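One structure is given here, and the rest of the page talks about it.
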Amino acid sequence: QLQLVQSGEAWVQPGGSLRLSCSTSGFALNNFAILWFRQAPGKERERVACISSGGLNTYHAEAVRGRFAISRDAGINTMFLQMDSLQLEDTAVYYCAADGTSGSGTPCWRPPEEYNYWGQGTQVTVSR
């Protein structure tokens, strides 16, 4: 059974760092496109970063580029989102997602709804 299990709720002050993890089981992580997205209260879902199946392409949203980094470790079937220089506006529930239906040439920068497996979400709060 395919599962994505995320790390727990986290709080940090502005300028701080966090690393979110998403542990997967039931599939080979390298063969899946992976995505991190977030949703803040009263706002729409926002894509954050992705890696295509096979790892050929990586993309980060402009709002987080240079501050966040997506990665994965196939050896432990886990994907990560390293978040540095966090800002108040980064407060949101963060989700990991995986999609095994697309080939290695398919762009990963697609809506979360096109990813068929999601984690349970992690609340990230940035506040003073």
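This chain uses plain numbering: 1 for the first residue, then up along the sequence. As the structure is a prediction and not an experimental result, all values here were calculated from the model.
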(request) Report the C-alpha distance between N77 and T24 in whole Å, list the side-chain angles of each, state the deciding distance to 0.1 Å, and finish with yes or no for side-chain hydrogen bond (donor to acceptor under 3.5 Å, both in side chains). (result) CA-CA 5 Å; N77 290 323; T24 69; 4.6 Å; no
(message) What I want to check is whether the side chains of D73 and T78 have a donor and an acceptor closer together than 3.5 Å.
(response)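 Short answer, no.
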Which pair of heavy atoms, one from [X] and one from [Y], lies closest together, and at what distance?
X: L4; Y: A98; answer: CD2-N, 4.0 Å
X: L29; Y: R72; answer: O-NH1, 3.3 Å
X: A97; Y: Y115; answer: CB-CB, 3.7 Å
X: E46; Y: A63; answer: OE2-CB, 4.1 Å
X: S17; Y: Q82; answer: CB-NE2, 4.1 Å
X: M79; Y: L35; answer: CE-O, 3.7 Å

Drop me the distance from [X]'s [atom1] to [Y]'s [atom2], to the nearest 0.5 angstrom.
X: N57; Y: I51; atom1: CG; atom2: CD1; value: 10.5 Å
X: Q1; Y: S25; atom1: CD; atom2: OG; value: 8.0 Å
X: L86; Y: T91; atom1: CG; atom2: OG1; value: 8.5 Å
X: C50; Y: Y59; atom1: SG; atom2: OH; value: 8.5 Å

(message) Using the rule side chain to side chain donor-acceptor pair (under 3.5 Å), only one of Q39, Q123, R38 pairs with Y94; which is it?
(response)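 Running side chain to side chain donor-acceptor pair (under 3.5 Å) over Q39, Q123, R38 with Y94 returns exactly one hit, R38.
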Report yes if the side chains of [X] and [Y] come closer than 4.5 Å at any heavy-atom pair, otherwise no.
X: F68; Y: L81; value: yes
X: M83; Y: V64; value: no
X: L18; Y: W11; value: no
X: Y117; Y: F27; value: no

Can a donor-acceptor pair be found, under 3.5 Å and without considering hydrogens, that links the side chain of [X] to the backbone of [Y]?
X: Q120; Y: Q6; result: yes
X: H60; Y: V48; result: no
X: S7; Y: S21; result: yes
X: W36; Y: L20; result: no
X: W118; Y: P112; result: yes

(request) Report the C-alpha separation of T122 and V93 in whole Å, then their side-chain angles, then the decisive distance to 0.1 Å, and conclude whether the side-chain contact (heavy atoms from CB on, under 4.5 Å) test is met. (result) CA-CA 5 Å; T122 297; V93 179; 5.8 Å; no
(message) Run F32 and S53 through side-chain contact (heavy atoms from CB on, under 4.5 Å) and show every step you take.
(response) CA-CA 5 Å; F32 278 59; S53 172; 5.9 Å; no
(message) Are more than 12 heavy atoms, taken from residues, nucleotides or ligands other than R19, located less than 6.0 Å from that residue's CZ atom?
(response)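 At most 12 heavy atoms, drawn from other residues, nucleotides or ligands, come within 6.0 Å of this atom.
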(message) Is the terminal nitrogen or CZ of R45 (NZ for Lys, CZ for Arg) located under 6.0 angstrom from the six-membered ring centre of Y95 and within 45° of that ring's axis?
(response)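 Verdict for Y95: no cation-pi partner in R45.
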